[in-house]
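The block underneath contains the structure these notes are about, expressed in structure tokens.
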Amino acid sequence: MKSRRPLVAANWKMNGTRAENARWLEAFLDAPPACDTVVCAPYVFLLQVAQGLSGLDAQAGAQDCSDRAPGAWTGEVCAEMLLDTGVRWAIVGHSERRATFGDSDELVAAKAARALSVGVRPIVCVGETLEQREAGRTNEVVAAQLAAVLRTCSAAQLATGALAYEPVWAIGTGRTASPAQAQEVHAAIRAQLAAADAQAAGQVRLLYGGSVKPGNAAELFSQPDIDGGLIGGASLVVRDFLAICGAAN
Ligand code: PGA
């Protein structure tokens, strides 16, 4: 029996309309899951999601967060604005941002630190590409990504948020890491955190992400160091997302 409460986060990515979101939220409210849940929506829908979830154990999350304080930064959204909108969480370092929008390890670390400094809980994503895995570099790559974040944030601070291990080759591909492959990396992440702060390492929730579906969630979540998931494609279908949340309990 794990001491950590399971956490399942939806990552809608750049999907949704106000009408679709309203239908999703209505169905979610009909059968709210028993685990902690975060719904990470595009910025423009966060107010709708935060208001729609109010009163539940579920909270709204952003999919990114600026590393800047309020000011003249056209197009950016800062952590203060998220909090003011009722948003308690923010994904940082998703591989789609690292690969396509140039978020470096250092920028991801700065974003996580900025979010934490105002009380927004980061979900810090790490993970290797297929090429890196095939070259036997998975642990080295993930450790370097985590080390960058540990230079700006303490393990105890990170434990107020969550870390997500998302192998890039498993995201949106239908190809999931096996429970053993995922567990091995999760254990390495927890050991790296434990070297900094054993208590925080025991508390932090480590999520697995990458083609999690209702059919594979339970086995992944039953691994000793997997405390829930970060769900992309399957989170768009509320029935599937609720089934995955059910598997976390
Ligand atoms: P996926 O995405 O579930 O569609 O693979 C996961 C993620 O990118 O967070």
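Every number for a ligand or one of its atoms is a count from 1 in the order of the listing. The analysis underlying the following values was restricted to heavy atoms, covering all of them including side chains, and did not include hydrogens, waters or symmetry mates. We number each residue from 1, following the sequence as shown.
A side-chain N or O of Asn21 and one of Gln48 form a donor-acceptor pair less than 3.5 Å apart.
When the salt bridge (charged side-chain N to carboxylate O under 4.0 Å, His left out) test is applied to Asp103, the partners found at least two apart in sequence or on another chain are Arg97, Lys111. A search for side-chain hydrogen bond (donor to acceptor under 3.5 Å, both in side chains) contacts involving Asp36 returns Arg5, Arg205, not counting sequence neighbours.
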Set out, in order, the CA-CA distance, both residues' side-chain angles and the distance that settles ring pair (Phe, Tyr, Trp, His ring centres under 6.0 Å) for Phe45 and Trp12, then state yes or no.
CA-CA 11 Å; Phe45 299 136; Trp12 286 357; 7.6 Å; no
Go ahead and list the nitrogen or oxygen contacts between ligand 1 and the protein that come in under 3.5 Å, distances to 0.1 Å, or just say none.
{"from": "ligand 1", "atom 1": "2 (O)", "to": "Lys13", "atom 2": "NZ", "distance (Å)": "3.3"}
{"from": "ligand 1", "atom 1": "3 (O)", "to": "Gly232", "atom 2": "N", "distance (Å)": "2.9"}
{"from": "ligand 1", "atom 1": "4 (O)", "to": "Gly233", "atom 2": "N", "distance (Å)": "2.8"}
{"from": "ligand 1", "atom 1": "5 (O)", "to": "Gly172", "atom 2": "N", "distance (Å)": "2.7"}
{"from": "ligand 1", "atom 1": "5 (O)", "to": "Ser211", "atom 2": "N", "distance (Å)": "2.7"}
{"from": "ligand 1", "atom 1": "8 (O)", "to": "Lys13", "atom 2": "NZ", "distance (Å)": "2.7"}
{"from": "ligand 1", "atom 1": "8 (O)", "to": "His94", "atom 2": "NE2", "distance (Å)": "2.6"}
{"from": "ligand 1", "atom 1": "9 (O)", "to": "Asn11", "atom 2": "ND2", "distance (Å)": "3.4"}
{"from": "ligand 1", "atom 1": "9 (O)", "to": "His94", "atom 2": "NE2", "distance (Å)": "3.3"}
{"from": "ligand 1", "atom 1": "9 (O)", "to": "Glu166", "atom 2": "OE1", "distance (Å)": "3.3"}
{"from": "ligand 1", "atom 1": "9 (O)", "to": "Glu166", "atom 2": "OE2", "distance (Å)": "2.7"}

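Between Glu140 and Arg137 a salt bridge is recorded (basic side-chain N to carboxylate O distance below 4.0 Å).
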Atom pairs and distances, donor-acceptor, side-chain atoms in residues 226-235, under 3.5 Å, two or more places apart:
{"from": "Asp227", "atom 1": "OD1", "to": "Arg4", "atom 2": "NE", "distance (Å)": "2.8"}
{"from": "Asp227", "atom 1": "OD1", "to": "Arg4", "atom 2": "NH2", "distance (Å)": "3.3"}
{"from": "Asp227", "atom 1": "OD2", "to": "Arg4", "atom 2": "NE", "distance (Å)": "3.0"}
{"from": "Asp227", "atom 1": "OD2", "to": "Arg190", "atom 2": "NH2", "distance (Å)": "2.7"}
{"from": "Asp227", "atom 1": "OD2", "to": "Leu206", "atom 2": "N", "distance (Å)": "2.9"}
{"from": "Ser235", "atom 1": "OG", "to": "Ile231", "atom 2": "O", "distance (Å)": "3.1"}
{"from": "Ser235", "atom 1": "OG", "to": "Gly232", "atom 2": "O", "distance (Å)": "2.7"}

